[in-house]
There are 2 protein chains.
Amino acid sequence: MALQQTLRALSDPIRREILHLLKKGRMAAGDIVSHFEVTGASISRHLSVLKEADLIRDCREGKYIYYELNASVLEEILLWLAELKGAETHD
Amino acid sequence: MALQQTLRALSDPIRREILHLLKKGRMAAGDIVSHFEVTGASISRHLSVLKEADLIRDCREGKYIYYELNASVLEEILLWLAELKGAETHD
DNA sequence: TTAACATTTAACCTAATTGTTAAATGTAGT
DNA sequence: ACTACATTTAACAATTAGGTTAAATGTTAA
(Lines give C-alpha, C1' and ligand atoms only; values in the text may rest on other atoms or scores of the structure.)
Protein backbone atom coordinates (compact mmCIF):
# COMPACT_ATOMS: atom_id res chain seq x y z
CA MET A 1 0.00 0.00 0.00
CA ALA A 2 1.34 3.39 -0.96
CA LEU A 3 2.53 5.92 1.58
CA GLN A 4 0.49 8.51 -0.25
CA GLN A 5 -2.80 6.83 0.60
CA THR A 6 -1.81 6.26 4.20
CA LEU A 7 -0.85 9.88 4.79
CA ARG A 8 -3.86 11.18 2.95
CA ALA A 9 -6.09 8.95 5.04
CA LEU A 10 -4.42 10.19 8.22
CA SER A 11 -4.77 13.85 7.30
CA ASP A 12 -8.43 14.01 8.29
CA PRO A 13 -9.33 14.45 11.97
CA ILE A 14 -12.47 12.32 11.80
CA ARG A 15 -10.51 9.44 10.28
CA ARG A 16 -7.86 9.74 12.99
CA GLU A 17 -10.56 9.73 15.62
CA ILE A 18 -12.03 6.58 14.07
CA LEU A 19 -8.63 4.88 14.32
CA HIS A 20 -8.42 6.05 17.89
CA LEU A 21 -11.80 4.48 18.66
CA LEU A 22 -10.80 1.23 17.00
CA LYS A 23 -7.70 1.04 19.13
CA LYS A 24 -9.93 -0.16 21.94
CA GLY A 25 -11.31 -2.98 19.82
CA ARG A 26 -13.52 -3.64 16.85
CA MET A 27 -16.78 -1.76 16.39
CA ALA A 28 -19.79 -1.97 14.12
CA ALA A 29 -20.19 0.87 11.66
CA GLY A 30 -23.27 2.16 13.45
CA ASP A 31 -21.45 2.40 16.77
CA ILE A 32 -18.71 4.37 15.09
CA VAL A 33 -21.27 6.71 13.55
CA SER A 34 -22.79 7.42 16.94
CA HIS A 35 -19.52 8.98 18.09
CA PHE A 36 -19.76 11.73 15.51
CA GLU A 37 -22.09 14.52 14.53
CA VAL A 38 -22.00 13.72 10.82
CA THR A 39 -24.24 11.30 8.93
CA GLY A 40 -23.69 7.58 8.51
CA ALA A 41 -23.09 8.08 4.81
CA SER A 42 -20.25 10.43 5.59
CA ILE A 43 -18.63 8.05 8.07
CA SER A 44 -19.09 5.23 5.63
CA ARG A 45 -16.95 7.07 3.11
CA HIS A 46 -14.32 7.82 5.74
CA LEU A 47 -14.24 4.12 6.52
CA SER A 48 -13.71 3.26 2.88
CA VAL A 49 -10.78 5.71 2.67
CA LEU A 50 -9.22 4.08 5.73
CA LYS A 51 -9.83 0.67 4.24
CA GLU A 52 -8.24 1.60 0.90
CA ALA A 53 -5.27 2.85 2.88
CA ASP A 54 -5.22 -0.55 4.53
CA LEU A 55 -5.45 0.99 7.96
CA ILE A 56 -8.58 -0.93 8.88
CA ARG A 57 -10.28 -4.17 7.92
CA ASP A 58 -13.95 -4.97 7.86
CA CYS A 59 -15.85 -8.15 8.41
CA ARG A 60 -19.54 -8.66 8.12
CA GLU A 61 -21.39 -10.52 10.85
CA GLY A 62 -25.05 -10.81 10.17
CA LYS A 63 -26.45 -7.39 9.54
CA TYR A 64 -23.53 -5.65 11.18
CA ILE A 65 -20.21 -4.81 9.61
CA TYR A 66 -17.42 -4.71 12.13
CA TYR A 67 -14.32 -2.65 11.63
CA GLU A 68 -10.98 -3.24 13.24
CA LEU A 69 -7.60 -1.59 13.17
CA ASN A 70 -5.20 -3.18 10.76
CA ALA A 71 -2.11 -1.41 12.03
CA SER A 72 -2.42 -0.53 15.67
CA VAL A 73 1.30 0.14 15.58
CA LEU A 74 0.61 3.11 13.39
CA GLU A 75 -1.40 4.87 16.03
CA GLU A 76 1.40 4.32 18.51
CA ILE A 77 3.91 5.84 16.13
CA LEU A 78 1.71 8.83 15.55
CA LEU A 79 1.25 9.40 19.24
CA TRP A 80 4.96 9.21 19.71
CA LEU A 81 5.48 11.52 16.79
CA ALA A 82 3.00 13.96 18.23
CA GLU A 83 4.84 13.98 21.54
CA LEU A 84 8.16 14.32 19.80
CA LYS A 85 6.84 17.41 18.15
CA GLY A 86 5.43 18.72 21.40
CA ALA A 87 1.94 18.58 19.95
CA GLU A 88 -1.41 17.88 21.50
CA THR A 89 -1.70 14.15 22.02
CA HIS A 90 -4.40 13.61 19.45
CA ASP A 91 -6.00 16.04 16.95
CA MET B 1 2.19 22.88 16.44
CA ALA B 2 -0.89 20.78 15.79
CA LEU B 3 -0.75 17.24 14.47
CA GLN B 4 -3.43 18.21 11.99
CA GLN B 5 -1.19 20.67 10.19
CA THR B 6 1.74 18.28 10.16
CA LEU B 7 -0.22 15.44 8.65
CA ARG B 8 -1.96 17.71 6.19
CA ALA B 9 1.42 19.07 5.11
CA LEU B 10 2.77 15.55 4.71
CA SER B 11 -0.16 14.38 2.62
CA ASP B 12 1.13 16.01 -0.56
CA PRO B 13 3.82 14.22 -2.61
CA ILE B 14 5.56 17.41 -3.72
CA ARG B 15 5.86 18.56 -0.13
CA ARG B 16 7.27 15.21 0.92
CA GLU B 17 9.75 15.39 -1.93
CA ILE B 18 10.79 18.87 -0.77
CA LEU B 19 11.46 17.51 2.72
CA HIS B 20 13.42 14.71 1.15
CA LEU B 21 15.57 17.21 -0.75
CA LEU B 22 16.15 19.26 2.38
CA LYS B 23 17.34 16.19 4.21
CA LYS B 24 20.63 16.63 2.38
CA GLY B 25 21.00 20.19 3.59
CA ARG B 26 19.54 23.64 3.17
CA MET B 27 18.58 24.95 -0.26
CA ALA B 28 17.50 28.25 -1.75
CA ALA B 29 13.90 28.39 -2.96
CA GLY B 30 15.00 28.62 -6.58
CA ASP B 31 17.08 25.46 -6.33
CA ILE B 32 14.12 23.65 -4.87
CA VAL B 33 11.92 24.89 -7.71
CA SER B 34 14.34 23.52 -10.29
CA HIS B 35 13.67 19.99 -9.05
CA PHE B 36 10.03 20.16 -10.04
CA GLU B 37 7.94 20.71 -13.11
CA VAL B 38 5.59 23.20 -11.48
CA THR B 39 6.06 26.96 -11.24
CA GLY B 40 7.95 28.83 -8.54
CA ALA B 41 4.71 30.30 -7.28
CA SER B 42 3.33 26.84 -6.70
CA ILE B 43 6.45 25.66 -4.86
CA SER B 44 6.41 28.84 -2.84
CA ARG B 45 2.98 27.97 -1.51
CA HIS B 46 4.06 24.43 -0.74
CA LEU B 47 6.96 25.89 1.21
CA SER B 48 4.62 28.08 3.21
CA VAL B 49 2.45 25.08 4.09
CA LEU B 50 5.52 23.21 5.31
CA LYS B 51 6.60 26.28 7.25
CA GLU B 52 3.21 26.68 8.91
CA ALA B 53 3.44 23.03 9.86
CA ASP B 54 6.80 23.86 11.36
CA LEU B 55 8.50 21.21 9.29
CA ILE B 56 10.94 23.67 7.74
CA ARG B 57 12.53 27.01 8.61
CA ASP B 58 13.58 29.77 6.27
CA CYS B 59 16.32 32.34 6.52
CA ARG B 60 17.01 35.10 4.07
CA GLU B 61 20.57 35.70 2.95
CA GLY B 62 20.82 38.55 0.52
CA LYS B 63 18.48 37.96 -2.32
CA TYR B 64 18.16 34.25 -1.61
CA ILE B 65 15.88 32.61 0.91
CA TYR B 66 17.27 29.36 2.22
CA TYR B 67 15.07 26.61 3.54
CA GLU B 68 16.10 23.90 5.94
CA LEU B 69 14.45 20.95 7.57
CA ASN B 70 13.18 21.63 11.03
CA ALA B 71 12.52 18.04 11.97
CA SER B 72 14.77 15.68 10.11
CA VAL B 73 13.67 13.03 12.56
CA LEU B 74 10.28 13.14 11.00
CA GLU B 75 11.50 11.96 7.65
CA GLU B 76 13.26 9.07 9.34
CA ILE B 77 10.09 8.07 11.10
CA LEU B 78 8.14 8.19 7.92
CA LEU B 79 10.65 6.05 6.09
CA TRP B 80 10.53 3.55 8.88
CA LEU B 81 6.78 3.69 8.89
CA ALA B 82 6.72 3.09 5.17
CA GLU B 83 8.92 0.04 5.52
CA LEU B 84 6.86 -1.21 8.42
CA LYS B 85 3.87 -1.09 6.16
CA GLY B 86 5.73 -2.77 3.33
CA ALA B 87 5.29 0.31 1.20
CA GLU B 88 7.47 1.91 -1.43
CA THR B 89 10.26 3.78 0.34
CA HIS B 90 9.12 7.22 -0.64
CA ASP B 91 5.99 8.38 -2.55
C1' DT C 1 -42.08 -12.55 0.44
C1' DT C 2 -42.43 -8.67 3.10
C1' DA C 3 -40.88 -5.59 6.65
C1' DA C 4 -37.29 -3.69 9.34
C1' DC C 5 -32.69 -2.68 10.10
C1' DA C 6 -27.49 -1.72 8.97
C1' DT C 7 -24.66 0.00 5.79
C1' DT C 8 -23.13 1.61 1.35
C1' DT C 9 -23.54 4.03 -3.06
C1' DA C 10 -25.23 7.80 -6.05
C1' DA C 11 -26.22 12.51 -7.06
C1' DC C 12 -25.49 16.79 -5.79
C1' DC C 13 -23.51 21.09 -3.38
C1' DT C 14 -19.96 23.79 -1.21
C1' DA C 15 -15.49 24.53 0.47
C1' DA C 16 -10.64 23.64 0.17
C1' DT C 17 -6.47 22.49 -2.55
C1' DT C 18 -3.42 23.02 -6.29
C1' DG C 19 -1.97 24.92 -10.33
C1' DT C 20 -1.36 29.08 -13.55
C1' DT C 21 -0.07 33.95 -14.80
C1' DA C 22 0.67 38.61 -13.46
C1' DA C 23 1.69 41.94 -10.06
C1' DA C 24 4.10 43.02 -5.73
C1' DT C 25 7.99 42.87 -2.53
C1' DG C 26 12.77 42.69 -1.08
C1' DT C 27 17.71 42.92 -2.09
C1' DA C 28 22.04 43.91 -4.71
C1' DG C 29 24.69 46.25 -7.96
C1' DT C 30 25.40 50.25 -11.13
C1' DA D 1 17.11 56.14 -8.58
C1' DC D 2 17.09 52.30 -11.88
C1' DT D 3 17.56 47.63 -13.32
C1' DA D 4 17.90 42.87 -12.57
C1' DC D 5 17.06 39.03 -9.91
C1' DA D 6 14.73 35.92 -6.21
C1' DT D 7 10.73 35.03 -4.13
C1' DT D 8 6.09 35.76 -2.58
C1' DT D 9 1.27 37.23 -2.98
C1' DA D 10 -3.11 37.96 -5.53
C1' DA D 11 -6.64 36.62 -8.59
C1' DC D 12 -8.49 33.17 -10.99
C1' DA D 13 -9.62 28.24 -13.05
C1' DA D 14 -9.75 23.27 -12.43
C1' DT D 15 -9.80 19.44 -9.41
C1' DT D 16 -10.54 17.05 -5.19
C1' DA D 17 -12.65 16.32 -0.67
C1' DG D 18 -16.25 16.15 2.54
C1' DG D 19 -20.96 16.92 3.73
C1' DT D 20 -26.12 16.05 2.79
C1' DT D 21 -30.34 13.37 1.38
C1' DA D 22 -32.32 9.66 -1.11
C1' DA D 23 -31.97 5.31 -3.28
C1' DA D 24 -29.78 0.75 -3.36
C1' DT D 25 -27.91 -3.43 -1.21
C1' DG D 26 -27.51 -7.13 2.12
C1' DT D 27 -29.27 -9.58 6.19
C1' DT D 28 -32.60 -11.22 9.58
C1' DA D 29 -36.89 -12.50 11.19
C1' DA D 30 -42.01 -12.79 10.84
Side-chain angles (χ1 to χ4, degrees), chain A residues 1-22 25-70 90-91, chain B residues 1-22 25-70 90-91:
Chain A
M1 200 54 49
L3 182 58
Q4 175 59 32
Q5 277 179 286
T6 309
L7 287 170
R8 222 216 111 256
L10 291 173
S11 75
D12 182 275
I14 288 191
R15 288 193 289 265
R16 287 200 302 280
E17 186 64 26
I18 290 173
L19 294 177
H20 189 71
L21 285 173
L22 294 180
R26 68 182 209 156
M27 284 176 88
D31 292 338
I32 297 173
V33 169
S34 68
H35 281 81
F36 299 91
E37 301 278 284
V38 299
T39 62
S42 183
I43 295 298
S44 180
R45 274 196 312 109
H46 282 303
L47 289 169
S48 79
V49 172
L50 288 168
K51 203 174 129 185
E52 275 162 35
D54 209 30
L55 287 163
I56 60 175
R57 270 189 293 255
D58 63 344
C59 103
R60 173 151 232 150
E61 267 177 43
K63 61 182 175 177
Y64 300 98
I65 298 180
Y66 287 94
Y67 284 92
E68 65 181 340
L69 214 48
N70 192 22
H90 54 82
D91 291 68
Chain B
M1 199 56 46
L3 182 58
Q4 175 58 33
Q5 277 178 285
T6 309
L7 288 170
R8 237 273 289 122
L10 292 173
S11 75
D12 181 275
I14 289 191
R15 289 193 288 265
R16 286 199 303 280
E17 186 63 25
I18 291 173
L19 294 176
H20 189 70
L21 286 172
L22 294 180
R26 67 180 211 157
M27 284 175 88
D31 293 338
I32 297 173
V33 169
S34 68
H35 281 80
F36 298 92
E37 302 277 284
V38 299
T39 62
S42 183
I43 295 298
S44 181
R45 272 195 312 107
H46 281 302
L47 289 169
S48 80
V49 171
L50 287 168
K51 203 174 127 184
E52 276 163 35
D54 210 30
L55 286 163
I56 61 175
R57 269 188 294 256
D58 64 344
C59 102
R60 170 153 233 148
E61 266 177 43
K63 62 180 175 179
Y64 300 97
I65 298 179
Y66 288 94
Y67 284 92
E68 66 180 340
L69 213 50
N70 192 21
H90 52 81
D91 291 68

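Lettering of chains follows the sequences in order, A, B, ..., and the numbering in each one begins at 1.
Which of D/dT7, C/dT18, C/dT8 sits closest to the side chain of B/R8 comes down to C/dT18. Picking from C/dT20, D/dG18, D/dT9 the nucleotide with the shortest atom distance to the side chain of A/D12 gives D/dG18. In the set D/dT7, D/dT20, C/dT20, the nucleotide with an atom closest to the side chain of A/V38 is D/dT20. You'll find that the side chain of B/K63 is closest to C/dG26, out of C/dA6, C/dG26, C/dT8. Nearest nucleotide to the side chain of B/A41, out of D/dA6, C/dT8, D/dT9: D/dT9.
Rounded to whole Å, the distance from CZ on B/R16 to C1' on C/dT18 is 15 Å. A straight line from CZ of A/F36 to P of D/dG18 spans 13 Å, rounded to a whole angstrom. Here the P atom of nucleotide C/dA6 and the OH atom of A/Y64 are 5 Å apart, to the nearest Å. One atom, CG of A/L7, and another, C1' of D/dA17, lie 17 Å apart when rounded to the nearest Å. Summarising the geometry, the separation between CD on A/E52 and C1' on D/dA17 is reported as 13 Å, rounded to the nearest angstrom. Atom-to-atom, CD1 of A/I14 to C1' of D/dG18 comes out at 9 Å; the value is rounded to the nearest Å. What separates CG of A/L50 from P of D/dG18 is a distance of 10 Å, to the nearest Å. A straight line from CG of A/D58 to C1' of C/dT8 spans 11 Å, rounded to a whole angstrom.
Taking side-chain N and O atoms only, B/H46 has no distance below 4.0 Å to OP1 or OP2 of C/dT17. Within the structure, a side-chain polar atom (N or O) of B/Y67 is placed less than 4.0 Å from OP1 or OP2 of D/dT8.
With contacts defined as side-chain heavy-atom distances shorter than 4.5 Å, the pair A/I32/A/L22 qualifies. Between A/I18 and A/F36 there is a side-chain heavy-atom pair separated by less than 4.5 Å.
In this structure, B/R26 contributes its side chain and B/A28 its backbone to no donor-acceptor pair below 3.5 Å. Side-chain atoms of A/Q4 come within 3.5 Å of backbone atoms of B/S11 as a donor-acceptor pair (strictly under, hydrogens ignored).
A/I14 CD1 to A/L21 CG: the interatomic distance, rounded to the nearest 0.5 Å, is 11.0 Å.
Comparing A/G62 and A/T39, the nucleotide of DNA chain D nearest to each residue sits closer to the 5' end for A/T39. Nucleotides of DNA chain D nearest to A/E61 and A/S42 differ in position, and the one nearer the 5' end is that of A/S42. Each of A/R45 and B/R60 has a nearest nucleotide on DNA chain C; the 5'-most of these lies closest to A/R45.
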